[in-house]
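Since the structure comes first, as structure tokens, the remarks are kept for the end.
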Amino acid sequence: LQNAATPTRKYLGLEFTLDGLGLEGIQGLTFQVNDAYLRVNWASEGDRLNWVAAYENDQSTPVKKIAEFTELTSDVALQIHGQMELSAFGFVMAYGEFYLFKGEVEDVNDGSIAAFDADVLSIDLRLASVFAGTGGKFIRDGDGEPIGFDHTKGAVGFYVDNANLSLSILQNAATPTQKYLGLEFTLDGLGLEGIQGLILNIFNCSLMVNWASDGTRLDWATATINDDAHDKYERLADYDKLTNEVELQISGWMDLDLFGFVMAYGGFTLFKGQMDVNDGSYDADAQTGIEPFKADLLSISFEQVSLFA
């Protein structure tokens with residue numbers, strides 16, 4: 001659209017959906033893209049257009065002049081979603097689901113910081129699995145959806161099992177210098193498969209990062225729960241563990257065997273943030289012992305570490 005009275009003011013709206021795209025009937029070769037959509041909303045200056053409302057308010061007859069929009073509101077700048085499954089004769093396999101949202105979200109509410117409107121960039125990657133080698137096969141759920149790599153079929157190659165990423169960057173609309181970043185990443189496994197004498201497995205990994213430009217960090221898990229439109233619009237990434245007590249948390253396990261010459265095994269956890277401390281010694285009536293308190297904490301732990309060279 002071009003504003004007739006102000007020709008320099010222009011608007012663009014794009015809404016695209018795709019139920020499926022792929023190859024069919026080629027034995028051993030699977031390529032499918034499902035449940036895909038793309039939404040783009042642009043204005044040369046000022047506010048973006050609410051294309052859904054503009055279409056509904058178009059009184060043109062007998063046919064409306066504005067294309068039909070069902071989801072493209074003014075708070076969307078860019079939104080992308082899709083699922084992909086690829087299997088190239090068991091040599092290369094990939095599966096995953098992807099979300100991206102750029103725009104605005106209203107009333108971010110984590111239960112501790114006063115609710116605020118924000119500009120947001122969110123990225124979600126779910127159940128991403130990759131295999132490159134020979135003899136690869138996915139494990140599938142009751143609906144036939146891949147949920148990981150099958151380690152029991154004698155495959156040889158490199159694999160990634162169930163990688164999940166949630167990333168959001170928020171900028172307070174009323175106070176643009178106030179920004180928040182939340183990152184939650186998990187990985188069931190990554191390594192080499194089926195090479196006799198060589199073992200490399202990294203598993204049960206997680207990474208959480210919580211940052212605020214100033215003041216208190218956001219409780220991302222609670223903000224996700226309090227986002228009434230989350231399940232429909234996915235404008236905040238999907239968090240379930242990242243609270244405001246976490247600043248940085250890393251954990252993972254490794255199993256390594258280089259033909260018996262070098263062997264290593266163990267787990268690692270690092271936590272930086274805050275926690276409530278109570279050693280059970282405080283007696284409020286007698287005013288003795290250490291009163292429970294909140295503490296800044298850095299902790300590092302190793303579990304079951306073994307090494308041979």
Side-chain angles (χ1 to χ4, degrees), residues 105-118 120-124 126 162-188 202-231 234-254 265-306:
V105 59
E106 296 181 351
D107 293 329
V108 178
N109 179 10
D110 76 337
S112 58
I113 300 171
F116 61 95
D117 296 343
V120 59
L121 171 64
S122 291
I123 297 173
D124 259 328
R126 300 181 187 173
N162 286 346
N164 296 276
L165 170 71
S166 297
L167 171 66
S168 286
I169 302 170
L170 299 181
Q171 181 180 48
N172 189 311
T175 312
T177 57
Q178 184 66 54
K179 301 176 183 179
Y180 303 90
L181 180 147
L183 168 67
E184 198 174 88
F185 173 78
T186 63
L187 174 68
D188 285 357
I202 298 171
F203 55 97
N204 294 345
C205 299
S206 69
L207 169 65
M208 290 190 281
V209 179
N210 196 347
W211 174 83
S213 59
D214 184 45
T216 305
R217 294 182 294 271
L218 203 66
D219 186 331
W220 293 90
T222 302
T224 299
I225 293 171
N226 290 339
D227 181 7
D228 294 336
H230 176 75
D231 289 343
E234 299 282 353
R235 290 174 183 178
L236 281 182
D238 198 4
Y239 298 92
D240 60 2
K241 294 181 181 177
L242 190 59
T243 65
N244 53 12
E245 292 187 337
V246 178
E247 184 177 350
L248 172 66
Q249 186 168 339
I250 307 170
S251 65
W253 289 78
M254 185 186 75
Y265 180 84
F268 170 79
T269 301
L270 181 148
F271 177 86
K272 187 177 187 295
Q274 293 181 326
M275 68 170 294
D276 294 319
V277 180
N278 181 1
D279 73 346
S281 67
Y282 183 62
D283 187 326
D285 294 331
Q287 290 293 294
T288 58
I290 300 174
E291 186 175 0
F293 61 96
K294 183 175 286 291
D296 296 320
L297 172 70
L298 171 63
S299 67
I300 299 173
S301 64
F302 293 89
E303 298 180 61
Q304 301 178 31
V305 173
S306 299

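- Nearest heavy-atom pair, Arg217 versus Asp110, reported as atom, atom and distance to 0.1 Å: O-OD2, 4.1 Å.
- Atom-to-atom distance recorded for Ser168:OG and Asp124:CG is 7.0 Å, nearest 0.5 angstrom.
- Ser301 contributes no side-chain N or O that, together with a main-chain N or O of Leu270, makes up a donor-acceptor pair within less than 3.5 Å.
- Checked against ring pair (Phe, Tyr, Trp, His ring centres under 6.0 Å), Phe271 has no partners two or more places apart in sequence or in another chain.
- Taken from CG in Leu187 to CG in Asn164, the straight-line distance is 9.0 Å, to the nearest 0.5 Å.
- Side-chain atoms of Val120 and Ile169, non-hydrogen and from C-beta on, never get closer than 4.5 Å to each other.
- Closest approach of Asp117 and Glu106 over heavy atoms only: OD1-CA, 3.3 Å.
- For the pair Ser122 and Leu236, the tightest heavy-atom approach, listed with the atom from each and the gap, is OG-CA, 3.7 Å.
- Counting only heavy atoms from C-beta outward, the side chains of Tyr265 and Gln304 approach each other to under 4.5 Å.
- Between Thr269 and Ile250, the closest side-chain pair of non-hydrogen atoms is not below 4.5 Å.
- Nearest heavy-atom pair, Asp238 versus Ser166, reported as atom, atom and distance to 0.1 Å: O-OG, 2.7 Å.
- Put simply, CZ on Phe185 and CG on Leu167 are 12.0 Å apart, with the number rounded to the nearest 0.5 Å.
- Rounding to the nearest 0.5 Å places OG1 of Thr216 at 8.0 Å from CD of Gln274.
- Put simply, the side chain of Glu184 reaches to within 4.5 Å of the side chain of Asp240, judged on heavy atoms.
- Applying side chain to side chain donor-acceptor pair (under 3.5 Å) to Ser281 and the options Asp283, Asn278, Asp279 leaves one that passes, Asp279.
- Here the CD atom belonging to Gln178 is positioned 10.0 Å from the CD atom belonging to Gln171, to the nearest 0.5 angstrom.
- The pair Asp214-Lys179 fails the salt-bridge criterion, with no side-chain N (NZ, NE, NH1 or NH2) lying under 4.0 Å from an Asp/Glu carboxylate O.
- Judged as a ring pair (Phe, Tyr, Trp, His ring centres under 6.0 Å), and not counting sequence neighbours, the contacts of Phe268 are Phe302.
- Remark: Lys272 engages Glu247 in a salt bridge (charged side-chain N to carboxylate O under 4.0 Å, His left out) (not counting sequence neighbours).
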Which donor-acceptor pairs under 3.5 Å do the side chains of residues 203-212 make with protein atoms, sequence neighbours left out?
from, atom 1, to, atom 2, distance (Å)
Ser206, OG, Ser251, OG, 2.7
Asn210, OD1, Trp220, NE1, 3.1
Asn210, ND2, Leu218, O, 2.8
Asn210, ND2, Thr243, O, 3.0

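- Applying the salt bridge (charged side-chain N to carboxylate O under 4.0 Å, His left out) criterion to Asp276, with sequence neighbours excluded, gives Lys294.
- Counting all heavy atoms, side chain and backbone alike, Tyr239 lies closest to Thr224 at N-OG1, 3.5 Å.
- The side-chain contact (heavy atoms from CB on, under 4.5 Å) test applied to Ala295 returns Val277, Phe293, not counting sequence neighbours.
- Separating the CD1 atom in Ile113 from the CG atom in Asn244 is a distance of 7.0 Å, to the nearest 0.5 Å.
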